[in-house]
Amino acid sequence: MAKTSNREAVREMLDTYGRTYAAEANIRLKNTPQPLYQLLVMSLLLSARISSGIALAASRALSEAGLRTPHRMADASWQERVDALGRGGYRRYDERTATQLGEGAHLLLDLYGGDLRKLRAEAHGDTGELHELLQRVPGMGPVGADIFLREVQDVWPEVAPYLDGKAQQGATRLGLPAEPKKLARLAGDTDRATFAAALVRAALDRSRSKAKAS
């Protein structure tokens with residue numbers, strides 16, 4: 001009976017929250033340099049103490065300004081980056097973030113030729129190592145690395161299932177098992193990134209009371 005209720009809770013969760021943050025940022029994620037870099041930038045923006053709506057709007061604004069690759073980001077002036085962030089409403093951290101984006105773009109160009117697939121290769125399939133390597137990028141701390149890995153796990157399958165503390169918090173709020181292996185089994189055929197994002201959105205939705213699954 002508990003298993004059936006858990007499945008029902010997952011279906012309801014996916015109906016309510018089943019959309020990745022990359023999709024909301026208009027990133028068509030695949031294993032090619034441009035969308036992977038856009039995902040990195042989005043993850044950095046989302047990791048700040050600012051609303052997800054503003055962070056995603058800023059991500060879209062940077063893309064609309066043409067700053068979709070490390071080369072374009074590095075070539076842009078600091079003021080161009082500030083202005084794009086401002087158009088997305090990302091004003092509280094815009095000056096510092098504009099600096100970090102420029103420094104990060106240069107670092108990725110120097111170390112990986114602007115191709116995050118080379119960073120992936122450097123980790124040799126070790127998710128913990130990948131988490132650490134991502135944090136070399138200025139502005140990318142553990143939270144940003146978690147966001148990136150949650151969202152990338154369908155195109156970098158060695159990462160899956162990636163259900164970090166925030167996703168587990170969402171599971172707890174919904175009355176689902178928080179242990180990652182048990183939780184992953186409940187995903188069924190759902191894309192892993194969509195499932196993880198739904199759990200995170202549930203964790204962040206303060207208006208929702210914890211579902212009963214018994």
Side-chain angles (χ1 to χ4, degrees), residues 1-31 35-36 38-60 63 88 90 116 127-128 130-131 134 140-214:
M1 189 68 178
K3 188 175 293 186
T4 301
S5 295
N6 284 344
R7 296 290 184 187
E8 290 172 352
V10 167
R11 283 196 296 271
E12 182 182 347
M13 175 190 76
L14 292 171
D15 286 344
T16 306
Y17 305 112
R19 188 183 189 195
T20 65
Y21 287 94
E24 191 172 347
N26 296 333
I27 299 170
R28 296 183 178 180
L29 192 57
K30 53 185 177 178
N31 191 34
L36 289 172
Q38 289 178 278
L39 178 64
L40 184 79
V41 170
M42 183 204 78
S43 300
L44 187 155
L45 297 175
L46 277 171
S47 67
R49 293 182 180 276
I50 200 163
S51 78
S52 63
I54 290 175
L56 293 168
S59 177
R60 292 191 294 269
S63 292
Y90 202 91
L116 284 166
T127 301
L130 192 52
H131 194 269
L134 288 166
M140 281 287 286
V143 172
D146 281 338
I147 294 168
F148 183 91
L149 293 175
R150 285 198 309 258
E151 294 279 316
V152 84
Q153 60 185 310
D154 289 317
V155 294
W156 289 1
E158 73 275 15
V159 172
Y162 197 85
L163 299 166
D164 64 340
K166 183 59 71 173
Q168 292 169 46
Q169 181 183 333
T172 298
R173 294 196 69 207
L174 295 171
L176 297 170
E179 200 278 319
K181 289 184 179 179
K182 293 180 180 179
L183 190 55
R185 284 195 290 270
L186 291 173
D189 295 331
T190 304
D191 291 342
R192 300 295 181 173
T194 300
F195 184 72
L199 288 166
V200 171
R201 291 178 187 275
L204 296 174
D205 185 355
R206 302 304 180 189
S207 68
R208 185 181 180 87
S209 61
K210 187 173 78 172
K212 294 180 180 179
S214 58

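Starting from 1, each residue takes its place in the sequence as its number. All heavy atoms count here, side chains included; hydrogens, waters and symmetry mates do not.
Between Leu36 and Leu116, the shortest heavy-atom contact is O-CD1, 3.4 Å. Closest approach of Ala193 to Asp154, counting heavy atoms only: N-OD2, 3.0 Å. Residue Leu29 comes nearest to Pro35 through the heavy atom pair CD1-O, 3.8 Å, listed as atom of the first residue, atom of the second, then distance. Of all the heavy atoms in Ala57 and Gly88, the pair that sits closest is CB-O, 3.5 Å. Minimum interatomic distance between Thr172 and Ala178 (heavy atoms only, all atoms of both residues): OG1-CB, 3.7 Å. Annotation for Leu14 and Ala198: closest pair CD2-CB, 4.0 Å, computed over non-hydrogen atoms.
For the pair Arg173 (side chain) and Ala203 (backbone), a donor-acceptor distance under 3.5 Å is present. Proximity of a side-chain donor or acceptor of Arg19 to a complementary backbone N or O of Ala197 within less than 3.5 Å is not detected. Judged purely by atom type and a 3.5 angstrom limit, Arg192 uses its side chain to pair as donor or acceptor with the backbone of Ala184.
Taking the side chain as every heavy atom from C-beta outward, Ser59 and Leu46 never approach each other to under 4.5 Å. Annotation: side chain of Thr127 is in contact with side chain of Tyr162 (closest heavy-atom distance under 4.5 Å). Looking only at side-chain heavy atoms (C-beta outward), Arg11 and Arg7 come within less than 4.5 Å of each other. Between Ile147 and Val143 the shortest side-chain heavy-atom distance falls below 4.5 Å. Residues Leu134 and Leu40 are in side-chain contact: their nearest non-hydrogen atoms beyond the backbone lie under 4.5 Å apart. At least one side-chain heavy atom of Gln168 sits under 4.5 Å from a side-chain heavy atom of Pro180.
Here the CZ-NZ distance, from Arg201 to Lys166, works out to 13.5 Å after rounding to the nearest 0.5 Å. Note that CG of Leu204 and OH of Tyr17 are 9.5 Å apart. Values are rounded to the nearest 0.5 Å. Note that the CD atom of Gln38 and the CZ atom of Arg28 stand 11.0 Å from one another [nearest 0.5 Å]. In this structure, the separation between CE on Met13 and CG on Leu174 is 6.5 Å, given to the nearest 0.5 Å. The CG atom of Leu163 sits 11.0 Å away from the CG atom of Asp146 when rounded to the nearest 0.5 Å. Atom CZ of Arg150 is separated from atom OG1 of Thr20 by 11.5 Å, given to the nearest 0.5 angstrom.
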Review point. Given the rule in the side-chain contact (heavy atoms from CB on, under 4.5 Å) test, do Met42 and Leu39 qualify, once you have shown the distances and angles that lead to the verdict?
Key: CA-CA 5 Å; Met42 183 204 78; Leu39 178 64; 3.5 Å; yes

**Study point:** Leu183 vs Leu199, side-chain contact (heavy atoms from CB on, under 4.5 Å): CA-CA, chis, key distance, verdict
**Key:** CA-CA 10 Å; Leu183 190 55; Leu199 288 166; 3.7 Å; yes

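A donor atom on one side chain and an acceptor atom on the other are not found under 3.5 Å apart for Ser43 and Glu151.
Under the ring pair (Phe, Tyr, Trp, His ring centres under 6.0 Å) criterion, Phe148 pairs with Trp156, not counting sequence neighbours.
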